[in-house]
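Working notes, beginning with the structure itself.
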Amino acid sequence: MRLKTSLLKEPKHILCHRKSTQHDELVSCVGWTTADELYSCSDDHQIMKWNPVTSETTRVVKLPDDVYPIDLHWFPRGIGGKKQSQAESFVLTSSDGKFHLISKSGRVEKSVEAHNGAVLAGRWNYEGTALVTVGEDGQVKIWSKTGMLRSTLAQQGTPVYSVSWAPDSDKVLYTSGKQLIIKPLQPNAKVLQWKAHDGLILKTDWNSVNDLILSAGEDCRYKVWDSFGRALYNSQPHEYPITSIAWAVDGEFFAVGSFNTLRLCDKTGWSYALEKPNTGSIFSISWSIDGTQLAGACGNGHVIFAHVVEQHWEWKNFEITLIKRRTMKVHNVVNDAVDLLEFRDRVIKASLNYGYLVVSTSLQCYVYSTKNWNTPLIFDLKEGTVSLILQAERHFLLVDGGGLYLYSYEGRLISSPKYPGMRTDILNAQTVSLSNDTLAVKDKADEKVIYIFEALSGKPLGDGKPLSHKTEIVEIALDQKGLTSERKIAFIDKNRDLFITSVKRFGKEQKIVKIGTMVQSLAWNDTSNILCGIQDSRFTVWYYPNTVYVDKDLLPKTLYEKDASEFSKKPQIVSFVGSQVRIRRADGSLVHLHISPYPSILHSHVSASHWEEAVRLCRFVKDQTLWACLAAMAVANKDMTTAEIAYAAIGEIDKVQYINSIKDLPSKESRLAHMLLFSGNTQEAETLLLQAGLLYQAIQLNINLYNWDRALELAVKHRTHVDTVLAYRQKFLEDFGKKETNQRFLQYAQGLEVDWNKIKAKIEMEIAKERERAASSSSGRTSVTVQQ
Amino acid sequence: MAQAALGAAGLHFDELNKLRVLEPEVAAQTAQLREECRAFVDKTAEFQKIVGSLIEVVDQLAKAAESEKMKAIGARNLLKSIAKQREAQEQQLQALIAEKKMQLERYRIEYETLCKIEADQNEFIDQFIFQK
């Protein structure tokens with residue numbers, strides 16, 4: 001599923017100029033209503049409506065001669081439960097210091113005196129509850145939905161050229177000369193301000209999905225920032241000032257406009273394609289809602305339309321390219337076969353993984369199997385405009401404006417998970433993860449929380465409480481293979497620490513274990529539970545991340561590390577299929593890496609419980625890492641023979657000894673308990689022993705762990721072996737030359753004579769008893785097997 | 001004699017014996033003068049005609065010259081601006097080339113890593129065969 005978006009795409013623009021009924025003066029602003037309808041305003045006071053599909057252009061209205069439009073923004077659609085298929089009105093700012101609320105039909109509903117001098121920009125927030133306007137007078141004003149002044153957020157000496165809302169609509173980003181300012185709406189909250197450009201900043205944009213900020217200025221550069229004001233990308237200087245910049249809605253790319261220049265860039269800043277249309281300066285760019293096309297307002301009176309095509313998907317031996325808006329070319333590299341896939345409508349999103357190609361057009365969803373390109377499975381979409389497709393081996397997830405829908409590859413709707421306050425428009429591949437049995441979604445309202453659903457029923461997993469973490473989570477990923485009960489989720493938090501935890505929680509809180517720091521990007525393998533990530537300047541593969549639950553000390557030995565400085569800074573892992581890892585460098589080039597195929601083979605042997613083969617494989621490869629993995633896997637699956645061999649191979653003699661001692665234990669229960677102890681689960685080991693009625697063993701366990709209080713508590717509670725505990729305690733104190741200070745021990749020690757002979761006899765008796773019991777139960781078991 | 005007497009009275013006879021007030025010689029000269037004048041007037045008219053047509057031709061030439069001159073100026077300006085246009089075009093093409101170069105560099109890096117993988121895989125296969 002990592003193949004979906006940021007693959008080797010080189011979309012180019014198809015440019016279509018409309019010479020017929022064009023504006024006579026420069027076009028100042030454009031805005032889409034639906035995927036196929038665009039409004040534009042120009043200095044000739046006209047508002048025009050364009051339909052790029054039918055090439056129709058109509059004049060909506062002519063504004064009064066003193067109104068020179070500057071900026072236009074459509075009211076956000078589908079707000080407050082009402083599912084409007086399209087926007088109904090827009091705000092238009094003009095040079096006479098007013099903004100106008102204008103309906104779709106062109107009627108001016110309201111004109112409001114807003115600023116001294118021109119109103120340079122106006123933006124609705126994402127909920128449509130507030131409007132922000134900025135003007136030449138240096139003021140930033142917040143207005144209600146109906147155009148009543150709520151507050152003047154800021155006031156400064158220089159004109160404010162551009163403004164945008166934060167994803168959660170509680171902050172506003174605006175320009176101040178060469179600086180960018182993020183100001184929260186709360187009066188006393190901290191203002192973030194930084195120098196962004198060497199020239200005047202002309203345009204900014206803040207994406208709601210990836211939370212990244214764009215800025216463009218008269219220094220002829222464009223830059224990408226994160227929401228803390230850290231620079232992520234700084235472009236080469238262009239020949240002319242950058243006059244417009246805009247994010248596509250899904251935050252995967254953005255467009256940059258300048259004099260006779262239109263550029264399409266990846267979210268990390270590098271440029272996919274450059275066009276040099278004859279347009280004059282492009283003053284404003286607007287992306288359609290489905291993110292497949294954009295329109296630019298040109299200085300010479302044209303409106304330029306551009307489509308994103310030639311997106312590229314790769315999986316194993318298949319290469320798929322969107323050659324036209326409705327046509328895909330499938331290239332099978334192995335036999336050089338080429339198939340053309342035709343669609344009825346425009347392709348909006350596609351994903352290729354696990355042997356299936358899922359394509360969403362504006363009305364339908366097509367599912368192709370890579371075995372057969374001729375007969376796709378087609379079903380109608382509920383709402384259209386799919387914003388994300390995620391695939392797992394058995395099913396796939398479609399995300400649109402209304403919800404999350406899980407479909408099988410046969411086209412059957414499996415489930416539609418929901419959680420309170422769900423906002424699907426801001427989900428992306430980093431915040432949603434799907435595996436065969438589980439779906440995980442990171443919520444925007446509380447970034448510390450991950451909602452986990454059972455994929456097949458769409459119900460929250462376990463007790464329904466979401467998984468919560470101490471700090472904000474940035475990226476999540478579910479492992480793809482193995483048993484449902486062992487499903488793991490790996491996530492990166494705000495501090496770039498990598499954690500792993502089990503999604504199933506049995507009553508008590510599951511441990512969240514940190515396994516990496518400074519992790520930029522991560523990916524699970526598609527065929528076995530191997531995790532790879534880029535950690536600071538190293539590329540790391542966790543061959544068996546489950547090791548942390550088995551034998552934490554062993555984790556460093558199960559890693560494969562490689563210097564990643566050759567990938568330059570901030571590389572992103574695109575996919576991890578088979579033993580191939582694809583990494584996108586910051587400059588946009590794809591780097592392929594090959595990791596050893598053996599761990600994957602080892603995983604498959606172990607999951608089939610073929611321990612003999614697993615050991616043979618390790619002997620053949622003679623690799624310490626592989627032996628360490630096998631050791632952890634054997635312990636996890638409680639196969640002590642294999643564990644012993646594997647630990648011996650990596651020279652962990654102490655552990656071999658312990659395993660041997662476990663083998664000598666009389667009963668099955670104590671063996672299990674000691675295996676749990678081996679993995680560091682003392683609590684569980686004790687519970688297991690108590691359940692089996694092995695009181696002495698439980699007490700001895702606590703004594704061995706120097707857990708005196710618990711040992712005494714157990715002994716007192718069950719009225720047995722109190723003297724044993726006291727004797728051992730005394731011995732311990734004597735060895736260390738200390739005096740008893742613990743009140744409870746002092747209390748019980750009174751009037752109790754420690755007699756080692758008696759204690760030893762008692763211990764012998766207990767062990768004999770256990771042996772006897774084990775013998776009887778095992779003989780019972782063998783008789784059962786005989787009966788079968 | 002009689003002639004002399006008539007002459008004194010201002011009367012003369014010409015060769016056709018018609019009575020004349022002027023002396024025959026003078027009369028003849030007058031007539032000649034008249035003829036000569038007529039011829040002169042005719043010639044003048046003809047001259048005027050010729051000059052007129054000449055002026056017309058010259059005017060036409062002037063017009064033609066003027067338009068040619070304008071054309072030349074236009075052409076010269078065009079020539080000057082073409083140099084600029086070419087420069088802009090070149091700049092645009094350069095930008096496009098730079099873009100392609102960047103893409104090429106990306107492909108080159110990808111190709112290199114793929115080559116490396118191929119080498120690794122081959123080595124792996126060799127090792128595998130050797131160990132078997």
Side-chain angles (χ1 to χ4, degrees), chain A residues 7-12 220 235-240 258-266 269-279 310 312 314 333 562 566-568 571 574 578-598 601 617 619-622, chain B residues 63-132:
Chain A
L7 275 186
L8 224 163
K9 276 172 229 164
E10 55 242 296
K12 76 180 181 212
C220 308
S235 81
Q236 290 295 312
H238 290 61
E239 302 94 66
Y240 302 99
S258 176
F259 178 75
N260 281 357
T261 304
L262 190 62
R263 201 182 258 285
L264 183 74
C265 301
D266 185 73
W270 58 278
S271 145
Y272 279 115
L274 171 72
E275 287 297 327
K276 287 281 185 184
N278 191 16
T279 53
E310 285 193 15
H312 201 74
E314 265 178 46
V333 181
K562 187 182 185 310
E566 56 175 311
F567 308 142
S568 67
V574 178
S579 55
Q580 294 255 29
V581 186
R582 292 199 296 158
I583 296 169
R584 172 87 65 189
R585 296 190 349 175
D587 65 355
S589 47
L590 271 177
V591 175
H592 298 250
L593 272 185
H594 184 250
I595 62 158
S596 160
Y598 293 125
I601 301 170
L617 177 76
R619 288 206 173 116
F620 172 72
V621 180
K622 296 187 199 77
Chain B
K63 259 185 203 156
E66 196 65 25
S67 79
E68 283 306 314
K69 215 161 78 188
M70 288 312 286
K71 264 188 201 162
I73 290 168
R76 197 184 296 151
N77 285 348
L78 212 62
L79 197 68
K80 270 185 198 160
S81 77
I82 269 177
K84 267 186 193 153
Q85 256 181 41
R86 288 266 176 266
E87 214 171 278
Q89 243 169 21
E90 192 190 322
Q91 210 178 27
Q92 286 197 359
L93 288 174
Q94 286 294 355
L96 289 170
I97 289 168
E99 193 69 19
K100 292 274 178 233
K101 267 189 182 158
M102 264 160 66
Q103 185 60 43
L104 180 70
E105 178 64 16
R106 279 182 214 133
Y107 282 139
R108 194 189 59 75
I109 290 166
E110 193 180 347
Y111 177 70
E112 265 175 20
T113 62
L114 284 170
C115 282
K116 220 173 125 199
I117 284 186
E118 194 189 2
D120 282 357
Q121 300 263 26
N122 282 333
E123 195 185 326
F124 178 80
I125 291 167
D126 288 347
Q127 210 177 20
F128 199 75
I129 292 166
F130 179 69
Q131 282 194 356
K132 282 269 170 177

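- Considering CZ of B:Arg106 and CH2 of A:Trp270, their distance stands at 5.0 Å, rounded to 0.5 Å.
- Most heavy-atom pairs under 4.5 Å with chain B, from the set A:Glu566, A:Gln236, A:Glu239, A:His238: that is A:Glu239.
- For A:Gln580, the part lying under 4.5 angstrom from a heavy atom of chain B is the side chain only.
- Only the side chain of B:Lys116 comes within less than 4.5 Å of a heavy atom of chain A; its backbone N, CA, C and O stay farther away.
- Considering only heavy atoms from C-beta on, B:Gln127 stays 4.5 Å or farther from B:Phe130 through its side chain.
- Not a single ring-ring contact (aromatic ring centres under 6.0 Å, His included) links A:His592 to another residue, sequence neighbours left out.
- With values rounded to the nearest 0.5 angstrom, B:Leu114 atom CG is found 9.0 Å from A:Leu590 atom CG.
- Between A:Ile583 and A:Val574, every side-chain heavy-atom pair lies at or beyond the 4.5 Å cut-off.
- Neither the backbone nor the side chain of A:Phe567 comes within less than 4.5 Å of any heavy atom in chain B.
- Residues of residues 73-93 of chain B placed with any heavy atom under 4.5 Å of a heavy atom in chain A are listed by number as B:Gln91, B:Gln92.
- Residues A:Thr261 and A:Lys276 meet the side-chain proximity criterion, which asks for heavy atoms closer than 4.5 Å.
- Using a 4.5 Å cut-off between heavy atoms, B:Gln121 touches chain A through its side chain atoms alone.
- For the atom pair CG of A:Leu593 and CD1 of B:Ile117, the computed distance is 6.5 Å after rounding to the nearest 0.5 Å.
- With hydrogens and angles disregarded, a donor-acceptor distance shorter than 3.5 Å links the side chain of A:Asn260 to the backbone of A:Thr279.
- Residues B:Glu105 and A:Ser589 bring no donor and acceptor atom of their side chains to less than 3.5 Å of each other.
- Only the side chain of B:Phe124 has a heavy atom closer than 4.5 Å to any heavy atom of chain A.
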